[in-house]
Structure formats: C-alpha cells, structure tokens
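Letters go in sequence order (proteins before strands), and every chain restarts at 1.
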2 protein chains.
Amino acid sequence: MAAKAEHPNVLCTVDVVLLTLRDDALQVLLLRRTAEPFAGALALPGGYVHAQSDHDASDAAARVLRDKAGVESPYLEQLATFSGPARDPRGWSVSIAHFALLPESLLPPLHEGAVWKPVERLPALPFDHRQIVQEAVERVRAKSQYSSLPVHLCGERFTLPQLQAVYEAVLGEPVNKVSFRRKIDELGMLEPIEGEFTAGGAHRPAQLYRLRKAFRHVLSTSGRGLNSGA
Amino acid sequence: MAAKAEHPNVLCTVDVVLLTLRDDALQVLLLRRTAEPFAGALALPGGYVHAQSDHDASDAAARVLRDKAGVESPYLEQLATFSGPARDPRGWSVSIAHFALLPESLLPPLHEGAVWKPVERLPALPFDHRQIVQEAVERVRAKSQYSSLPVHLCGERFTLPQLQAVYEAVLGEPVNKVSFRRKIDELGMLEPIEGEFTAGGAHRPAQLYRLRKAFRHVLSTSGRGLNSGA
DNA sequence: TGAATAGTGTCTCTAAGACAATATAGC
DNA sequence: GCTATATTGTCTTAGAGACACTATTCA
C-alpha cells in the first residue's frame with residue numbers, strides 16, 4: 001500500500017548511554033562525531049536502524065555499541081524514545097534511546113575520539129543527548145534502589161564490600177552496611193565462590209561472590225529499596 | 001545528505017493503550033480496523049507519525065486518540081517502543097506505545113466499532129498488541145503502588161473511599177484503609193471541597209476531594225508503596 | 001600484639017497493617 | 001435508637017538504620 005510513500009520522512013535512529021564506574025563516579029562514553037551534523041562534536045554513540053539486518057531496536061543498539069565502541073555484550077535496556085522535528089537538523093526524527101552498563105574491567109581499549117565523562121560534568125552535547133543522558137542516569141539510580149542492576153557494573157567476581165561501594169557510587173550516598181547485606185541476601189542473586197579475596201590487605205579477607213546463572217540477564221528486585229531517597 | 005534515501009524503510013507508528021475503570025475492572029479500548037492489514041480485527045488505536053504536523057510522538061498519540069476515539073485530553077505517558085521486522089506485515093516497523101488513563105465519567109460516546117475489553121480477558125489481537133497491553137497494565141500497576149497515578153481514573157471530584165476502590169481495582173487486591181489514607185495524605189496531592197457526598201446512603205457522608213492544581217499533570221510519588229507485592 | 005577491614009548480633013526507630021472506637025447520615 | 005459507612009486512634013509487626021562486637025589477615 002501507499003503507507004511507505006505517504007510517511008517516508010521520519011528518521012529512525014538509536015542512541016546508547018553506555019555507563020561505567022571510573023574513579024568512583026558514573027561516567028558516560030562519548031564519541032567524537034565524524035559526520036555531519038555536528039561533525040567534530042562529542043555525542044552519544046548512535047546510528048540509524050538498519051531494517052535489513054537489525055532484529056529490533058535493542059539489536060540495533062547492540063550493533064552500534066559493537067561497531068562504534070567495540071563493546072561486546074553489556075547489560076542493555078531500552079530507556080525511552082525521543083522524537084520531534086527539531087532534535088535533529090536532518091528532519092523529523094525518532095531516537096530509541098537505550099542505556100548499557102559495563103564494568104570498567106571489561107572496557108575495550110578506547111577508540112580514537114572516544115572519551116569518558118562523569119555524568120555530573122557533561123560537556124555541551126548535540127541533539128537532545130544531554131536530556132537522554134540525564135534520564136538514563138535517573139533511571140539507573142531509581143532502579144538501583146530496589147534491584148540488582150548495579151551488579152552489571154562489577155566484574156564477574158567481586159566481594160560484598162566492593163559491591164556496596166558500587167551501589168554507593170551509583171546512588172551518590174552512603175548505604176547502611178547491615179541493611180545492604182540483608183537486602184543482597186534477600187535478592188538471592190549471588191553465590192559465594194570458594195576462593196577468597198587476598199589483595200594487599202593487612203586485614204581479614206572478603207568472600208568473593210558471583211552472579212547466579214539465573215540472574216545473568218535478569219534483574220532481581222525487592223519491594224522496598226535501600227535509602228528511599230536523600 | 002543521503003541518509004533518508006539510505007534508510008527509508010522503517011514504518012514509524014504510535015499505538016495507545018487507553019485504560020479506564022468499568023465494572024470495577026481495568027478495561028482497554030479496542031477499535032475495529034477498517035484498513036489492511038488485519039482489516040476487521042480489533043486492535044489498539046494507532047497510526048503513523050505525521051512528520052508534517054506532530055510535535056513529537058506523544059503528540060501523535062494524542063492526535064490518534066482524538067481522531068480515532070474522540071478522547072480529548074487524558075493522562076498520557078510513553079510506555080515503550082516495540083520494533084522489528086515481523087510485528088507488522090507491511091515491513092520493519094517501530095511503534096512508540098503509550099498508555100492513557102481516563103475516568104469512565106469522561107468517556108465520549110463510543111464510535112462505531114469501538115469496544116471496551118477487560119484487560120484480563122483480551123481477545124486475540126493483531127501485531128504485538130497483546131504484549132503492549134500487558135506491559136501497559138504492568139506499568140500502571142507498578143506505578144500505582146507508589147504514586148498518584150490512579151487519580152486519573154477518577155473524575156474531578158471524588159471521596160477517599162471511592163479513590164481507595166479505584167486503587168483496589170487497579171492493583172487487584174484490597175488495600176489497608178488506614179495505610180491508604182496515611183499515604184494519600186503524605187502524597188499531599190488532594191484538597192477537600194466543602195460540599196459533601198450525600199448519595200443514597202443511610203450513613204455518614206464522605207468528604208469530597210479534588211486534585212490540587214499543581215498535580216493536574218504531574219504525579220506525586222512516595223518512597224515506599226502500599227501493598228508491596230502479593 | 002596492633003591495625004585494618006570483613007562479617008554478624010542486636011537495639012532502635014519508622015512505617016505499614018490490624019483492630020476497633022468514634023462520628024454522622026437516613027430511617 | 002438502629003444501621004451503615006466515614007473517619008480517626010492506637011496497637012502490633014516487619015523491616016531499615018545505628019552501633020558495636022567478633023573474626024581474620026598481615027606487619
């Protein structure tokens with residue numbers, strides 16, 4: 001039918017907010033754009049949806065991360081869709097925004113033109129990328145209150161004190177140790193490993209844990225969260 | 001540039017899950033399709049994004065509701081975006097799904113071919129509309145736990161017992177009266193009106209309330225919800 | 001043994017749910 | 001007064017945070 005001909009002029013893209021923890025702060029990956037518009041500016045990794053090859057929008061986001069950032073299989077979740085006539089100078093556009101989490105230990109070597117920026121100190125960004133980053137951070141913080149989301153910022157093996165530090169960095173506030181450990185236990189997503197953490201410490205070593213298989217790509221949630229708001 | 005020519009074949013649409021409360025049950029508006037594909041089938045109100053006139057995707061959703069269902073200004077929120085090559089037989093498509101809430105009292109007379117169906121007893125639906133409805137209902141239930149969302153299913157004036165009944169119908173479970181009133185008070189979104197509820201009752205009348213101006217299109221949220229599950 | 005951090009026991013305090021008392025209408 | 005529902009008071013209980021004690025390692 002004539003639908004395609006009648007409504008051909010919507011640009012369909014994906015953008016990805018890739019977050020990691022560096023220097024105890026949430027940081028977002030920005031790439032220097034090589035093409036117009038905004039060539040030379042730092043922006044989120046993004047690109048057109050490829051109707052020929054992408055299985056869906058999240059698949060497009062994964063492809064963008066793989067091709068443009070060298071990131072292989074991070075935790076990836078749809079954030080929201082941004083749209084309108086003005087956000088992209090090329091015309092009426094839709095961006096199906098996603099966010100992704102990756103532990104610093106799994107980051108690939110940075111491509112030329114790729115930089116990490118703390119989400120609290122963003123440079124000027126083209127399109128509506130600033131708003132997209134802000135909504136992604138809000139979403140991550142909100143979900144971290146009551147779910148296992150931040151484990152995806154840890155490597156495969158980690159101790160509870162390490163995981164607590166990750167939660168605190170993401171939430172931006174200290175977390176009660178006893179409550180934290182109760183909550184983690186209640187979420188039932190971790191299993192201890194026999195090897196222990198020995199590190200440089202002149203102190204008691206910490207038990208290493210890993211994510212149970214069942215939670216590899218599913219979040220665990222609990223009714224009530226940690227600090228229920230500053 | 002050549003972008004539009006390179007990537008023209010993504011259909012960009014919106015679908016709307018319009019929910020109301022009828023007979024103490026959440027019900028969704030379905031329209032009988034008049035055009036292919038799936039002409040004659042019941043489906044969600046939806047349509048193409050009009051790049052010429054729509055301000056953004058939510059504006060497109062509001063237009064679809066207005067034109068196809070006669071609904072003027074309901075509470076409207078973006079749900080998620082569904083995409084892929086198979087969900088629409090016309091080709092690779094994107095649907096920016098929204099949900100809307102409207103009190104039964106404000107429903108317009110039903111157009112020809114429009115029907116309400118309880119969300120627990122959906123008929124077969126084309127596209128991925130069943131999944132869209134299910135995710136909308138999940139979202140509404142989740143947000144109702146800790147926010148003022150269900151007030152948008154009440155008319156302009158209502159009593160606390162009425163509002164509690166709405167919460168219970170949405171959540172599908174009874175709510176503790178004392179906790180409920182404490183929570184509503186804490187949310188600070190309602191103000192009492194001087195007129196009282198007189199109705200048929202051979203009993204004490206209930207105070208009428210209305211939503212404060214500031215919360216007309218903004219939700220009020222609290223850290224911990226009502227029944228936190230099961 | 002002392003320092004440092006890991007892990008746990010337990011008390012306190014907040015807030016949700018249960019229960020029931022009181023309030024106010026129509027009859 | 002009697003019935004029915006609205007509204008409020010207060011007790012119980014679950015769970016989050018504070019505090020501090022014990023455990024274990026290395027120097």
TODO: Find the distance B/Y146:OH to C/dA16:C1' and express it as a whole number of Å.
DONE: 19 Å

- [ ] Kindly assign one of parallel, tilted or perpendicular to the pair B/Y75 and B/H152, based on the angle between their ring planes and the thresholds 30° and 60°.
- [x] parallel

Task: d(CG, B/L187; P, C/dA15) in whole Å - done: 13 Å

Open item on the list: Return whichever of A/P161 or A/A202 has its heavy-atom-nearest nucleotide of DNA chain C closer to the 5' end.
Closed with: A/A202

Task: Distance-only polar pair, side chains of A/S95 and A/D15, donor-acceptor under 3.5 Å - done: yes

Task: Nearest heavy atoms of B/L19 and B/W116, plus distance in Å - done: C-CZ3, 4.4 Å

Open item on the list: At less than 3.5 Å, do the side-chain atoms of A/K177 and the base atoms of C/dG7 form a donor-acceptor pair?
Closed with: yes

Nucleotides 22-24 of chain C: which of its N/O atoms have a protein N/O under 3.5 Å away?
unit_1	atom_1	unit_2	atom_2	d
C/dA23	O4'	B/R204	NH1	3.2
C/dA23	N3	B/R204	NH1	3.3
C/dT24	O2	B/R204	N	2.9

TODO: Can you tell me the distance, in whole Å, between the CD atom of A/Q207 and the C1' atom of C/dT5?
DONE: 15 Å

Task: Shortest non-hydrogen separation from A/V71 to A/L18 and the atoms involved - done: CG2-CD2, 3.7 Å

Extract from the structure each pairing of a protein N or O with an N or O of nucleotides 10-12 of chain D at less than 3.5 Å, listing the distance.
none

TODO: Test side-chain hydrogen bond (donor to acceptor under 3.5 Å, both in side chains) on A/T81 and B/T81 and set out the steps.
DONE: CA-CA 7 Å; A/T81 296; B/T81 297; 2.4 Å; yes

TODO: Using distance alone, with no hydrogens and no angle criterion, decide if A/E168 and A/Q164 have a side-chain donor and acceptor under 3.5 Å apart.
DONE: yes

Open item on the list: Please find the pair of heavy atoms, one from B/E120 and one from B/R141, that lie closest to each other, and give the distance.
Closed with: OE2-NH2, 3.0 Å

Open item on the list: Side chain of B/S179, heavy atoms from C-beta onward: which of C/dG17, D/dC26, C/dG26 has the nearest atom to it?
Closed with: C/dG17

TODO: Decide whether B/Y209 and B/Q207 meet the rule of one side-chain donor and one side-chain acceptor closer than 3.5 Å.
DONE: no

Task: Whole-Å distance separating the CZ atom of A/R181 from the P atom of D/dC21 - done: 19 Å

TODO: Return the angle between end axes of the helix from C/dT1-D/dA27 to C/dC27-D/dG1, with five pairs used per end and rounding to 10°.
DONE: 10°

Open item on the list: Quick check on side-chain hydrogen bond (donor to acceptor under 3.5 Å, both in side chains): which of A/E77, A/Q78, A/H98 does A/S58 satisfy it with?
Closed with: A/H98

Task: Nearest-Å distance for atom pair CG/P, residues A/L208 and D/dT24 - done: 17 Å

- [ ] Identify the two heavy atoms, one from A/R87 and one from A/V94, that lie closest to each other, and give their separation to 0.1 Å.
- [x] NH1-C, 4.2 Å

Open item on the list: Expressed as a whole number of angstroms, how long is the span from B/K183:NZ to D/dT8:P?
Closed with: 18 Å

Task: base_contact_polar (D/dA18 base, A/N176 side chain, donor-acceptor, <3.5 Å) - done: yes

Open item on the list: Counting neighbours of CZ on B/R22 that are heavy atoms of other residues, nucleotides or ligands and sit closer than 6.0 Å, is the number greater than 12?
Closed with: yes

Open item on the list: With no hydrogens and no angle check, just 3.5 Å: does a side-chain donor-acceptor pair link B/E138 and B/Q134?
Closed with: no

Task: Nearest-Å distance for atom pair CZ/C1', residues B/F180 and D/dT7 - done: 13 Å

Open item on the list: Expressed as a whole number of angstroms, how long is the span from B/F158:CZ to D/dA6:P?
Closed with: 15 Å

